[in-house]
Amino acid sequence: MENKEYDIMTGCDRGLCSRAVGRQDRQLNTYDWLADVPGNDQTTDLVEVQFKHTRKGYYHNVNNLPLKKGDIVAVEASPGHDIGVVTLTGRLVKMQIKKANLKSADDIKRIYRIARQIDMDKYREAKAREHSTMIESREIAKGLGLKMKIGDVEYQGDGNKAIFYYIADERVDFRQLIKDLALAFHVRIEMKQIGARQEAGRIGGTGPCGRELCCATWMKNFVSVSTSAARFQDISLNPQKLAGMCAKLKCCLNYEVDDYVEAGKKMPSREIVLQTKDSDYYHFKSDILAGLVTYSTDKNIAANLETITAQRAKEIIEMNKKGEKPYTLSEEGHKEQKASTHVELHDDDISRFDKAKKKKKKKPRKPVQKAKDDNKEQ
């Protein structure tokens, strides 16, 4: 097949997409850090193939085709065949299979061939029907009174099957819906329920960080996010700031929470009041990663704020337990007070600091001509 056919789906020919990274516009793209290792492709016949948006599959290259990253292939489907793009080959595919928890050998089908011209024609024809099918299926579901939202439709590469992705808060009886959809579109119907995060990944978008959504680029398995992750990181519990494009808590709240938990173990308790000789100090805020704690002399408002290290705060806590109170919270003030108590007075005259230093008077120099005349007279 000509290179132009590959340009339609990948934007490049086989040679340009055969490296470790390839095109980064494909969702869930995996960096193949073993791509330059000799014999990496011969370690296994397993190949990772990606379809529309976030759907991936793993297949056996039983025909020993010289597949490279970016090749468009026809793979086994039920029924017929599907069209996808090769996104990974070699040893890393085995690791990806473990990550996807594919324990059954029946889940791994075969790769038939590299897509031909007739395969691509059917593929384009099927993809052109997806948007109109989604709009019409929404009207059918609404007419049946079903509380569900059809978010996307994906046709199989040969056009014999269509996957309807829907979102529903409650269980939906869509048996009549399947009959009506099959009658309207004359294809095999498969209903697949997805969550709000998966829908956001299929639609795509840009997050508040300025980057493309994680669920639309590399994230496949979603872990539950709770507000405790925000509390550990001292993030304001503002629902508008904590929610992502999917209206759920942002997945990135879990990225650094483990580091904050470990660093938080080294911080003093927020309930403890530090006592000094001049005042009592209450916890105001903490910088967990920097190991700094800010205290206030007022329990409710910011007053006379003092920022010290967590180690210094623990030292003061131990002093308070022993009944001792430092002069100030800061270590510098503590050192100054300690140095002032060890000043030794000598028996020297106490008025020695009042004596002004006498300036030495410079003797006037004799003129050179007068010195010469004195020599002559002698």
Side-chain angles (χ1 to χ4, degrees), residues 11 21-31 48 50-57 84-85 87-88 95-96 98-101 130-131 134-135 137-138 141-142 146-154 163-172 174 190-264 285-290:
V21 179
R23 294 271 304 191
Q24 287 295 324
D25 58 355
R26 300 208 63 80
Q27 295 176 358
L28 305 182
N29 189 24
T30 303
Y31 181 82
E48 181 186 79
Q50 183 169 328
F51 303 94
K52 183 179 180 181
H53 297 304
T54 58
R55 186 167 70 93
K56 279 186 177 183
V85 180
T87 53
L88 195 62
M95 300 182 183
Q96 292 293 97
K98 290 181 180 179
K99 187 177 179 181
N101 295 324
E130 289 181 349
H131 183 70
M134 180 183 66
I135 300 302
S137 63
R138 287 179 178 178
K142 185 178 180 180
L146 300 178
K147 296 181 179 180
M148 59 182 295
K149 173 189 174 183
I150 298 179
D152 194 12
V153 177
E154 179 182 0
I163 303 175
F164 291 80
Y165 297 92
Y166 71 95
I167 301 174
D169 296 331
E170 301 177 356
R171 186 176 181 135
V172 179
F174 45 73
E190 179 181 346
M191 304 297 296
K192 189 171 183 180
Q193 185 174 4
I194 59 176
R197 289 188 172 93
Q198 292 172 314
E199 184 192 24
R202 299 186 69 84
I203 297 174
T206 303
C209 59
R211 297 174 63 91
E212 193 175 356
L213 298 178
C214 297
C215 55
T217 50
W218 60 271
M219 184 178 289
K220 185 176 182 180
N221 299 322
F222 300 96
V223 182
S224 60
V225 185
S226 62
T227 55
S228 60
R231 291 192 181 97
F232 281 125
Q233 302 174 67
D234 283 339
I235 300 176
S236 175
L237 299 179
N238 188 343
Q240 295 180 350
K241 293 184 178 180
L242 296 181
M245 300 290 289
C246 57
K248 302 290 185 180
L249 291 176
K250 296 176 183 176
C251 295
C252 55
L253 290 175
N254 283 341
Y255 293 170
E256 299 179 354
V257 66
D258 293 337
D259 293 334
Y260 276 89
V261 171
E262 290 296 325
K285 66 177 182 178
S286 300
D287 190 341
I288 299 177
L289 296 184

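We use all heavy atoms of the structure for the numbers below, so side chains are in, but hydrogens, waters and symmetry mates are not. We count residues from 1, following the sequence as given.
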Heavy-atom side-chain contact between Met219 and Arg197 under 4.5 Å: no
Can you establish whether the number of heavy atoms outside Asp169 located under 6.0 Å from its atom CG is more than 12? no
Would Ile288 and Asp234 count as a side-chain contact (heavy atoms from CB on, under 4.5 Å) if you check the C-alpha gap in whole Å, the side-chain angles of each, and the deciding distance to 0.1 Å? CA-CA 9 Å; Ile288 299 177; Asp234 283 339; 3.8 Å; yes
Considering residues at least two apart in sequence or located in another chain, which fulfil the salt bridge (charged side-chain N to carboxylate O under 4.0 Å, His left out) criterion with Glu154? Arg55, Arg202
How about Phe174 and Phe164: are their ring centroids closer than 6.0 Å? no
Quick one: does Cys214's side chain get under 4.5 Å of Tyr255's, heavy atoms only? yes
Value for CE (Met148) from CD (Glu170), rounded to nearest 0.5 Å, stands at 13.0 Å
Rounded distance [0.5 Å steps], CG in Leu237 versus CZ in Arg231: 5.5 Å
Got a second to check how far Arg171's CZ is from Gln193's CD, nearest 0.5 Å? 10.0 Å
side-chain contact (heavy atoms from CB on, under 4.5 Å) evaluation trace for Thr206 with Arg211: CA-CA 6 Å; Thr206 303; Arg211 297 174 63 91; over 6 Å; no
Could you give the distance from CG (Leu88) to CD (Gln50), rounded to the nearest 0.5 Å? 10.5 Å
Taking atom NZ of Lys192 and atom CG of Asp152, what is their separation to the nearest 0.5 Å? 11.5 Å
Would you check if the side chain of Glu262 reaches a backbone N or O of Asp259 as a donor-acceptor pair within less than 3.5 Å? no
State, with a plain yes or no, whether a side-chain heavy atom of Ile163 is found less than 4.5 Å away from one of Val153. no
I'd like to know if the side chain of Glu212 and the backbone of Thr217 have a donor-acceptor N/O pair within less than 3.5 Å. no
Smallest separation among heavy atoms of Ala216 and Gly204, with atom names: CB-CA, 4.0 Å
Please report, to 0.1 Å, the donor-acceptor pairs under 3.5 Å made by any side chain of residues 242-254, with sequence neighbours excluded.
residue : atom : partner : partner atom : Å
Lys250  : NZ   : Lys241  : O            : 2.9
Asn254  : ND2  : Ser224  : O            : 3.3

Residues which pass salt bridge (charged side-chain N to carboxylate O under 4.0 Å, His left out) with Glu190, listed by chain and number, not counting sequence neighbours: Lys161
Roughly how far apart are Tyr165 OH and Gln198 CD, rounded to 0.5 Å? 9.5 Å
Please say which of Glu48, Gln96, Lys56 ends up in a side chain to side chain donor-acceptor pair (under 3.5 Å) with Thr87. Glu48
Mind listing the closest non-hydrogen atom pair of Ala263 and Leu289 along with its distance? CB-CD2, 4.3 Å
After noting the C-alpha distance and the side-chain angles of Tyr166 and Ile194, does the key distance pass the side-chain contact (heavy atoms from CB on, under 4.5 Å) rule? CA-CA 6 Å; Tyr166 71 95; Ile194 59 176; over 6 Å; no
Closest approach of Ala141 and Ile150, non-hydrogen atoms and distance? CB-CD1, 4.4 Å
For Phe232, is the CZ atom crowded, meaning more than 12 foreign heavy atoms sit under 6.0 Å from it? no
